[in-house]
Amino acid sequence: MDTEHADHAEGVELPTPTPWPMLSALGIMLIAGGFVTSFVVALVGILLGLIGGIGWFRELFPVPNHELVPYTEPAKRAAPIKVSPRRISHLALGAGGHRAYYPLRVHRYSSGITGGLAGGAAMAVLAMLYGLIFQHSIWYPINLLAAAGLPTMESANVAMLNEFHLSAFIIAVLSHGVLSILVGMLYTVLLPMLPARYEWFWGGIIIPLIWTAMLFPMFDIVNPALAAHVNWFWFIVCQISFGLVGGYVVFKSQKVETMQTWSLAARMGVHAMETEEDR
Amino acid sequence: MANPTSSLKEVGTELAPAPPGREHGTLTAWIQDLIFTVDHKKLGLMYVGMAWLFFIPAGILASLIRTQIAVPNNHVLGPEAFNQAITMHGTAMIFFFAMPMVFGLANYIVPLQIGARDMAFPRLNAFSFWTTFFGACFLFLSYIFGPGLYGMGAAPDASWFALAPLTSKAFSPGNNIDFWSLGLLISGVGSVTGAVNVMVTIFCYRCKGLTLYRMPLFTWMVLVTMFLVVMFLPPLSAAQIMLVLERFFGAKFFEAQAGGSAVLWQHFFWIFGHPEVYILVLPAFGVISEVVPVFSRKPIFGYPMMVAASVMIGFISAGVWAHHMFTIGMDSFSVTFFAFATLVISIPTGIKIFNWLATMFGGKIRMEIPMLFCIAFLFQFLIAGLTGVMLGVAPFDWQLNDSYFVIAHFHYVIVGGIVFAVFAGFYYWYPKAVGRMLDHRLGLWHFWIFTAGFHLTFDPQHFLGFLGMPRRIYTYQEGRGWEFLNMLSTIGAFLQGVGAIIFIINMIYAARKGKIAGDDPWDAWTLEWITSSPPPEYNFEQLPEVRSRRPLWDLKHPEDPDWRFE
Amino acid sequence: MLNHQYTRFSLATRGSGRGWLLLGFTVVAFIGFLSSAPVARAQDSTIRAVQNIFDPLSAPAETLYSISLLVMAVCAGIFLIVGGLLTYAIIRYRRRGPEDDREEPPQVYGSAAIELAWTVPPILIVVMLVLVTARTIGEIQHHKMPDAAEEIRVIGHRYWWEIRYPKHDVVTANEIHVPLSSRQNRVPTEMVLESADVIHGFWVPQLNGKTMLVPNYRNTMWIEPYATGIYLGNCTVLCGQQHANMLIRVIVDPPDVYQKWLDSQKAKPVNDPQTAEGQRQFISNSCGTCHRVEDSQATGVFGPDLSHFASRATLGSGVAKNDDTNLRSWLHDPQVLKPGCLMPNMQLSDRQVDAILAYLRTLK
Amino acid sequence: MTESALFTIFVVAYLFYIGKSLNPPYPREVLEFPWLGSFFLFSSSATVVVAEHRLKKGERGGFHLWWGITMALGAAFLIYTATEWYHLIYHDGLTLSTNLFGSTFYSLVGLHASHVLVGLVLLGIILVASLTGNIKDRHHEHIEMISWYWHFVDGIWAVVVTVVYIIGMQ
């Protein structure tokens, strides 16, 4: 089977056409047909299948059958590929309009993870502080967060919310951790796209406010328990604390260039490093 | 699997002389050629031809179904005929339209795209085609040989997922269910051997320089698809073997009286059934990933992510099957798990949509017919994906499952997604296969009528689902609020039929009178366009050598080739 | 718990600003739907034929409704954003004329950063949806039933429903009477769903989502309707030829009416001497091998229990009104009204039909 | 891969229905651990390796001998299975249609036996071809594949034994 297509001066070797595969397939169908009609059909099917199988085997053994297919006349062959007359336009590196789509430099993704964790921790500390001050229990906010996924927490009263529940704790930590890391990662990408001078303002305050606003209309359904008990001021303070702390950690990290920017810059016939210096 | 490099040097020694008696032109010669051929291009076209051949009866059945439920208390089809129609429509469309279409495109395009002369096992390829074809014939023979009254045949009538106890001898005494299971078993053999063949071809027969990382996306998606076929068709075959054993030899797999479980069948069926959706849709993604860049005049955005997303889809699709069974009374943990897996699969799919979008951004989009179909695909697949998210949220699914919403959802996937991608691929590759272009004006008619028909058919069905209409009912009473929407839907179905007829006319017309295409009508970048249209039997005079993902771009723009940036 | 659901319902749909905000998100998805909404609020308050899943009238359906609003809002938002970008791309970046053909656009391969940016938000959404989904599933599946809860067993047969009230020893078919629940007097109904033959599906959208009835399995679901009326529903899993006419009627009665109905079903049928001939025909034509009539020789279990047949409003699992014309047609040949149902044509003469009809009419 | 998936489904069906049969005979009453059959099959895996080794060293005679022994062991395994089934059917009255255990047992073990049979046919073809002197170096690859197939069949038997005779009999 490996020697099926060999080149020769006058043409290419290709497998000889053969009816045996089709005959074997027909045999298989007739065997199945025997099930629903009568065994005679199945017998014919077995016979055909055997003939096909043996014919097929002889086709391959000891050496697969081949025929030489001559090359077509030169006039009918494919024309060689012509060089395209089209010019290729290039992105002007660093031009304002394109920066939003292709950030030239992003923060390290690892900084996103640490930033997310830091922001998440800050948020958690604040939330638990709130719980301690107003409800005298650090478990209160944790249980409320977990209520998004736990039906038992959803209908719990304040006393229950103040207790420690392992399942609620696990759910809250997991979901909070995952969300924090993901948002942190998002920050590494988003921050360079934001207006350059006020990154801390946009990333730290406006973005948390935006997502709080987006959450607001669906809060009832996402987490009814939290919606029922929420203190909006503290809620927003917590969100902003995430934005500020997480954003800060990300912001402070070194920016790295992505492969894409490099090859993109190189594509344009402009040396990447020079362009960087130009900026 | 054989290692191709080890014996490449070893040239077959016994060359047959030019085969006698194979003259061309006459009908018998043509038929003989069909039966004898082992050429991947001819077999690919045969697959595609088979797909359209079975598209016609399945489409007619669809319009009959729609006619029956256009108005309440209708009597076009009786209950038996209706159940047969839905079963045959579903089965034929999935297994004998969509699957052969996938295999046909893969057969035709993949060896050309990877610069190979043929498939790895050309004779096995012919065998795969013929088993698929005979399996389909076998199923449709039930209309003649089935156990119907008055000498008429009767097709299988237990719906395309043939839920277990209904298919047992006690509830389906005739042999029409046997036609279903045996027919699909036969064609299943063809699909699996075909898939192995394509996989080996892709792994072993790539031309020089074509690393996996440079492979065209269509080929990549086909590769993932074939993995899925090989992994997930056997569960269906196994379940069907059990069904055959049960119906012919009295085995007790799904019989309730013996303690058998009807749920087990559903698990087996959907372990196959859900990956099947991806088996069909991934090649469609592949087509889109070929067409969108060429007509936007930009390389695909985020190639590595596209590949990674496909592979991820392939993996995750193995773990979501039970979302078809949310209403079966599973415990809450399983329900949550499968809801989770289902929602997760929307992430790589979303990445793909964004990447196509980003490919279009900043491009110069040429609104040729293939691109129009791609754009429609993107819109419809977006909606299909979102309704899929709705269905994935298990509590919502408890309302929507088995309702017309589901019908609308998966027709959005299969018609709005896969069929539109197939049309796009057809307009794109038809010139390569035939040497002539499909007509642009007819193409526009086809596109607009079919798209309008599609939306008229399936948009109202979402709302029918909201209004509580269950699927697979052959009639309904007045006053349930379903009349108007059903009527709309039926009109849309006929509009789609008109669109499909225009397409067929276009194909026939173009084959005779279409504009001569030339080797590379779209100014594209992958290897299939380097050879003549239609390609010679041996594909390439000399096997090409590639240095980047877009070998033809490199040749067309020697001043700024891709390989410089890899 | 219940109070929560009630308040949430009112929050989400009526009055509250938040609810309107939410609805605002879903307006696009609802356009077509709203056009059918007037139908949904049909005049007839007794027969709720139009079962709109966005007009829930029972506790679990309402919980499903609220999560579906959330999901639809999220999906509508994504659709607007992505669809908008797509439209923008098509309009902004389309080829504008032959001069565009002279130049290729910038060849951009991709950007890991932007891909990360559009990968993360979907993950966030998925995490949120999974949490909400998990909670809702638990809320519905692990709902604690009060002691007063009514219990019924629904057994799916090919093309009809057998209904049993184990607490009251009542057996009926096809028409499910359940009590109304109110805030003062919570009476949810717990349903045990079983099947006698193939898989069926139970779905009355305004009461709850659907659940399958699988042979050898005992599935459960519960409803807690807070509006009276007759709710129509369907079998949702293809079960054979008459799957389409395996209709469900759930009749929600105020507690006193419900109690009255229970009492009437418990009462023994009166043996009216005038219909003795009908009863004789009923037995001699072996109707009793499949049907059961209390206090008689008819003890069949394959067909619906007919002990209180005359008290039902429909025939053949809701396929036709239970009036004399339809019943006569049914007795002559059930295959006319319900082709493919399992009751054979008994080849009765007109006289026999009249006698049996008169007898059945006494089974109140 | 396909075959593994196919077997997986039958194994799952078997596991799913363990202990769910409603009427006797139950596995514990009628099954015996197939020491002999397992011995035949597992040792044949070793002999096929030896045969291959001989072939690589160019010892045609040794290859024929060990290849023949492999076939004999495979055949012995099939005969063992046949006697087991004969005993089950005529002595214990367990058939495919008796109960869930019968259905799943015969289908799983039968599926495996059919693979052994296919393996035997393939081995036989090679043996005949080799004896008639038609095996060239170019076919060694195929021989290697067939021996891999044989190992695969053995591996499946290990799974089947675990499921049917160890887990299923508890």
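To find a chain, count down the sequence lines: A is the first, B the second, and so on, and within it residues start at 1.
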I'd like to know which of [options] tops the heavy-atom pair count under 4.5 Å against chain B.
{"options": "C:Met212, C:Lys210, C:Gln51, C:His243", "result": "C:Lys210"}
{"options": "C:Asn208, C:Val132, C:Leu86, C:Ile67", "result": "C:Leu86"}
{"options": "C:Gly83, C:Gly138, C:Gly201", "result": "C:Gly83"}
{"options": "C:Leu238, C:Val130, C:Val126", "result": "C:Leu238"}
{"options": "C:Thr136, C:Ile125, C:Leu213, C:Ile199", "result": "C:Ile199"}
{"options": "C:Pro122, C:Cys239, C:Cys235", "result": "C:Cys239"}

Evaluate the side-chain proximity of C:Leu129 to B:Phe396: yes if any heavy-atom separation is below 4.5 Å, no if none is.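 No, every pair of side-chain atoms sits at 4.5 Å or beyond.
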
Is C:Pro205 close to B:Phe466 at the side-chain level, that is, under 4.5 Å between some pair of heavy atoms?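 In short, these two side chains do not touch, never coming nearer than 4.5 Å.
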
Can you name the nearest heavy-atom pair linking C:Ala49 to B:Gly479, along with the distance?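 Heavy atoms of C:Ala49 and B:Gly479 come nearest at CB-O, 3.2 Å.
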
Please identify, among [options], the residue contributing the most non-hydrogen atom pairs under 4.5 Å to chain C.
{"options": "B:Leu163, B:Val344, B:Val263", "value": "B:Val263"}
{"options": "B:Asp459, B:Thr359, B:Ile353, B:Ile375", "value": "B:Ile375"}
{"options": "B:Thr336, B:Leu386, B:Val389", "value": "B:Leu386"}
{"options": "B:Thr327, B:Asn401, B:Ile86", "value": "B:Thr327"}
{"options": "B:Gly329, B:Pro395, B:Ser403, B:Gly302", "value": "B:Pro395"}

Interface moiety of [X] toward chain C, non-hydrogen atoms closer than 4.5 Å:
{"X": "B:Met305", "value": "both"}
{"X": "B:Ser346", "value": "side chain"}
{"X": "B:His462", "value": "neither"}
{"X": "B:Leu166", "value": "both"}
{"X": "B:Met371", "value": "neither"}
{"X": "B:Leu382", "value": "side chain"}
{"X": "B:Ala170", "value": "neither"}
{"X": "B:Met330", "value": "backbone"}
{"X": "B:Leu400", "value": "both"}
{"X": "B:Phe171", "value": "both"}
{"X": "B:Gln266", "value": "side chain"}
{"X": "B:Trp482", "value": "side chain"}
{"X": "B:Asn83", "value": "side chain"}

Side-chain ([X]) to main-chain ([Y]) donor-acceptor, under 3.5 angstrom:
{"X": "B:Gln477", "Y": "C:Val319", "result": "yes"}
{"X": "C:Asn216", "Y": "B:Gly260", "result": "yes"}
{"X": "B:Gln399", "Y": "C:Ser68", "result": "no"}
{"X": "C:Asn234", "Y": "B:Met469", "result": "no"}
{"X": "C:Arg95", "Y": "B:Lys364", "result": "no"}

Examine whether an atom of [X] lies under 4.5 Å from a heavy atom of chain B, and if so say whether it belongs to the side chain, the backbone or both; otherwise answer neither.
{"X": "C:Arg158", "result": "side chain"}
{"X": "C:Leu232", "result": "both"}
{"X": "C:Leu247", "result": "side chain"}
{"X": "C:Trp203", "result": "side chain"}
{"X": "C:Gln241", "result": "both"}
{"X": "C:Val214", "result": "side chain"}

So, applying side-chain contact (heavy atoms from CB on, under 4.5 Å) with B:Trp398, which one of C:Ile53, C:Thr211, C:Leu64 is it?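 Only one option passes, and that is C:Leu64.
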
If you count the non-hydrogen atoms of other residues, nucleotides and ligands that lie under 6.0 Å from [atom1] in [X], is the total more than 12?
{"X": "B:His75", "atom1": "NE2", "result": "no"}
{"X": "B:Glu478", "atom1": "CD", "result": "no"}
{"X": "B:Tyr303", "atom1": "OH", "result": "yes"}

Indicate the ring-plane relationship of B:Phe354 and C:Trp118, choosing parallel, tilted or perpendicular according to the 30° and 60° boundaries.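 Rings of B:Phe354 and C:Trp118: parallel, under 30°.
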
Which residues share a side chain to side chain donor-acceptor pair (under 3.5 Å) with B:Asp331, sequence neighbours left out: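 Counting only residues at least two positions away or on another chain, B:Asp331 forms a side chain to side chain donor-acceptor pair (under 3.5 Å) with B:Ser334.
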
If contact means a heavy atom pair closer than 4.5 Å, which residues of residues 191-198 of chain C contact chain B?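 Hits under 4.5 Å: C:Asp197, C:Val198.
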
